[in-house]
Structures are given as C-alpha cells and as structure tokens.
Protein chains: 2
Amino acid sequence: MIKIGRMTDYGTQIMTYLARDSERLHAAHEIAQAVGVSLPTANKVLKTLARAGLLESQRGIKGGYLLSRMPEQITMADIIRALEGPVGLTDCGTVQQPGNCNRQPSCSVKTNWQRISKAVNDALAGVTLAELSVPPVHPVHITRQPGQSRVQL
Amino acid sequence: MIKIGRMTDYGTQIMTYLARDSERLHAAHEIAQAVGVSLPTANKVLKTLARAGLLESQRGIKGGYLLSRMPEQITMADIIRALEGPVGLTDCGTVQQPGNCNRQPSCSVKTNWQRISKAVNDALAGVTLAELSVPPVHPVHITRQPGQSRVQL
DNA sequence: TGAAATAGTACTATAATAGTCTTGTATTAT
DNA sequence: ATAATACAAGACTATTATAGTACTATTTCA
C-alpha cells in the first residue's frame, strides 16, 4: 500500500471539520475532541498546517484556528504537501524537485517516476476540501473529462 | 512525500529491464547487475513479482525470469500492488478492501479516502510497462500549461 | 498581571522497512 | 546418476522513519 502518515489522516479530518464551520475560530482542544485525537497530537498537526499557510491562527485566550482560504480553494494535494512534503512517490521524481538521483545521471526510470508522480499529484489536486466536507449522503462526483475513464498522463 | 518502498522502485526497474527484452529468459544475477542491486535483494523482489503472477520463472541451471504478460498489459498499479499490497492511502479506504476503520462506523472521512485512493489507483493503472520501457532518448514531454512553472494544484 | 491559547523545538518509544542469510527444491549438463 | 546451478521460501537483524509527548516561549484578553 502506498502510505501516507497518520498525521496526514488527522490533518484531513481536521481540515474537513474546520471546513464545515469555516467562519468561526476553533480552539485546538475543541478540534482535538471533535476529531478524536489527543490534544498534543492535534496541536502538532495544527501547527504544521498553519505554518504551511493552510490555516490562520489567533493566539491568546480567545485564540484558535481558521481556514485561510475557502474550502473550494484547498485541495488534498495542499494538505498532503503540508504534512508529508512534496507530492511524489520516490526521492527522485517529486513534482517540485525533479532530480537528485544518486544513480547514473541518465536514469531512465527517473523520468517515469516523475510522470507517475504527476499523475498522482493531479489526482489529489482534483479533490477539494469543499467536496470532502459535504456529508457523504449522496456521493460527490470527481471532476473528470467526459468519456475519460482513465486518467491521462 | 507519499512514500513507496525502495523495493517497489527496484521492482519497477527490474520490470522495465525485462520489458526491453521480453522474449528471453533472464537469470537473477544478470538482472541484479543490470539494475544495480545486490543479488539477495534482487532475488527477494523477483520472488515477490513471480508470486504475484507478473513474472514466470524457470528453475534449474538455465533458469531465469520472464514477463508473464506483454508489457502493454502490465501497469504500474500491478507492480505496486504486488510489492506494496493493495493500492490505497490509508488502512481504511484501500480500493480492494474498503472498510476496517477502527473509528466510528459512519466516519465521514472513510468515503473520502476511498475516493482519493481510487483516483490514485486509476492514475497508476493508466501507466503501462510498455510506456515505461521506451528509452528516454528524446525526453518525454510532460504535459503542462505554458508559463506554469509549478504544477497547479 | 495572570490565565489561557498558540509557536517552536527536542526527545523517546514504537513500528516498519531493508537487506541478508539459511535451508530447501527443481533442472540441466556431464 | 551426480554435481552444479538457479530459483523458492521464510526467518532474522540492523537501520530508519514515524508517532506521540513534553517543555519552553510568546501572544492575547480579562
């Protein structure tokens, strides 16, 4: 299985929770309880998301966190990149930092991994937080070209 | 970064190497040398690929490995699934085994992860070994909008 | 000024992974 | 037949990455 860290899972749940009430400021302890993780863990994830610019934070006694953008403008690729680093499958071939392969410079596989990483990245960028935050009563349609059953690379 | 194991990287290189000369039988030590990994490691990967049905094996003094299908009929999703298990991003929400979440049964995130995993799976299933095995003499063109230095998310 | 909440960093226990080794089985050449 | 070669399968260990926690500093409001 292609793994993402558990922190990214938490982060997605947190972002989804905040998107459902995106105007108000939410304290960390409230978020932690809602999502079902310990407060220290929630703090860690929230800090990372805020540093990445996905959340705005307000300090002090009435502080808390808030989405920095509208849910329609935040994608799964943003969340994963914030918590996992650049979206890619291998060290060589991330979308944002192509290269750095310790093998022979003309490694034929490198280009391939970059293409594959881009395909995955595009797939993740096609899912917005707004789509995730609607309760899954009637399933959401993933945006895709008509008649395109498989993702074009 | 979304991580795949190093074994999957090796496996992809091995499959690509075999696809370039898909008629002949290739011994493990030959493959190991060509890809640049140790023989024990190559053996491990080859065994796994063979057990998954992606390779045919011939034992004995003139034995070796061979693609079980044509390169056009083997996709990255096959290779990753053989070496990493079912393609998915989290424990809950793999494409082939939806469910098994230890959280509340109506976890709203579960459905979302399943959708995201499917998008990634489709992307990987769209890349065939035949495409990967063409030598990158003239670099493959990565589709990107003009003037878009970074991938739009 | 004190209480409460976020910010940043560092540390440790746990878990997953990689890589190797050992033993066993099949095939072929001599 | 027999020995050499190559694949088969599983176990074991060192390494690495991750998760989770703790501690200190800074900001804000009553």
Side-chain angles (χ1 to χ4, degrees), chain A residues 1-14 18 24-68 80 82-85 88-91 102, chain B residues 1-14 18 24-68 80 82-85 88-91 102:
Chain A
M1 157 166 18
I2 302 178
K3 288 231 180 89
I4 61 168
R6 218 174 304 175
M7 293 299 166
T8 304
D9 191 6
Y10 300 157
T12 305
Q13 296 196 48
I14 288 173
L18 291 176
R24 195 162 57 84
L25 215 53
H26 298 265
H29 64 83
E30 171 205 329
I31 297 170
Q33 187 183 4
V35 171
V37 299
S38 72
L39 180 57
T41 298
N43 273 325
K44 186 179 188 174
V45 176
L46 287 165
K47 278 182 292 190
T48 305
L49 290 170
R51 216 176 321 169
L54 268 50
L55 295 180
E56 296 288 335
S57 64
Q58 180 72 30
R59 302 221 270 199
I61 195 166
K62 288 203 132 184
Y65 291 93
L66 187 71
L67 291 186
S68 65
I80 290 177
L83 291 164
E84 303 270 344
L89 257 45
T90 59
D91 294 321
N102 50 359
Chain B
M1 159 164 20
I2 302 178
K3 290 233 180 92
I4 61 167
R6 218 173 304 176
M7 294 299 168
T8 304
D9 191 5
Y10 301 157
T12 305
Q13 297 197 47
I14 288 173
L18 292 176
R24 195 161 58 83
L25 214 53
H26 298 265
H29 64 85
E30 172 206 327
I31 296 170
Q33 187 182 3
V35 171
V37 299
S38 72
L39 181 56
T41 298
N43 273 326
K44 187 178 188 174
V45 177
L46 287 166
K47 273 182 301 187
T48 306
L49 291 171
R51 217 177 319 165
L54 268 50
L55 295 179
E56 297 288 336
S57 64
Q58 178 72 30
R59 301 222 269 200
I61 196 168
K62 289 203 132 187
Y65 290 94
L66 186 72
L67 292 186
S68 65
I80 290 178
L83 291 163
E84 303 271 343
L89 258 44
T90 59
D91 294 323
N102 50 359

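Proteins get letters first, then strands, A, B, ... in listed order; numbering begins at 1 in each.
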Find the distance [X]:[atom1] to [N]:[atom2] and express it as a whole number of Å.
| X | N | atom1 | atom2 | answer |
| --- | --- | --- | --- | --- |
| A:I14 | C:dT6 | CD1 | P | 11 Å |
| A:L49 | C:dG8 | CG | P | 13 Å |
| B:R51 | D:dA8 | CZ | P | 9 Å |
| B:L55 | D:dA6 | CG | P | 18 Å |
| B:I61 | C:dT30 | CD1 | P | 8 Å |
| B:H29 | D:dA8 | NE2 | C1' | 17 Å |
| B:R59 | C:dT28 | CZ | P | 12 Å |
| B:K3 | D:dA17 | NZ | P | 7 Å |

All heavy atoms of A:L25 vs all of A:K62, minimum pair found to be CD2-O, 3.6 Å
Tightest non-hydrogen contact, residues A:A52 and A:A82, listed as CB-CB, 3.5 Å
Which nucleotide, [options], lies nearest any side-chain atom of [X]?
| X | options | result |
| --- | --- | --- |
| B:K47 | C:dA29, D:dG20, D:dG10 | D:dG10 |
| B:K62 | D:dT21, C:dA29, D:dG10 | C:dA29 |
| B:N43 | C:dA7, D:dC7, D:dT21 | D:dC7 |
| A:A50 | C:dT20, C:dA7, D:dC7 | C:dA7 |
| B:K44 | D:dC7, D:dT21, C:dT20 | C:dT20 |
| B:T41 | C:dG19, D:dT21, D:dG10 | C:dG19 |
| B:A28 | C:dT28, C:dA18, D:dC7 | D:dC7 |

Taking for B:L39 and for A:Q58 the nucleotide of DNA chain C with the nearest heavy atom, the one nearer the 5' end belongs to A:Q58
| Side chains of A:Q58 and A:L66 in contact at under 4.5 Å (non-hydrogen atoms) | no
Quiz item: Under 4.5 Å between any side-chain heavy atoms of A:L55 and A:L67, yes or no?
Solution: yes
Residue-phosphate contact under 4.0 Å: [X] side-chain N/O, [N] OP1/OP2:
| X | N | value |
| --- | --- | --- |
| A:R6 | D:dG20 | yes |
| B:S57 | D:dA6 | no |
| B:Y10 | C:dG19 | yes |

Please report the interatomic distance CG(A:L54) to CG(A:L83), rounded to the nearest 0.5 Å.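 Result: 8.5 Å between the selected atoms.
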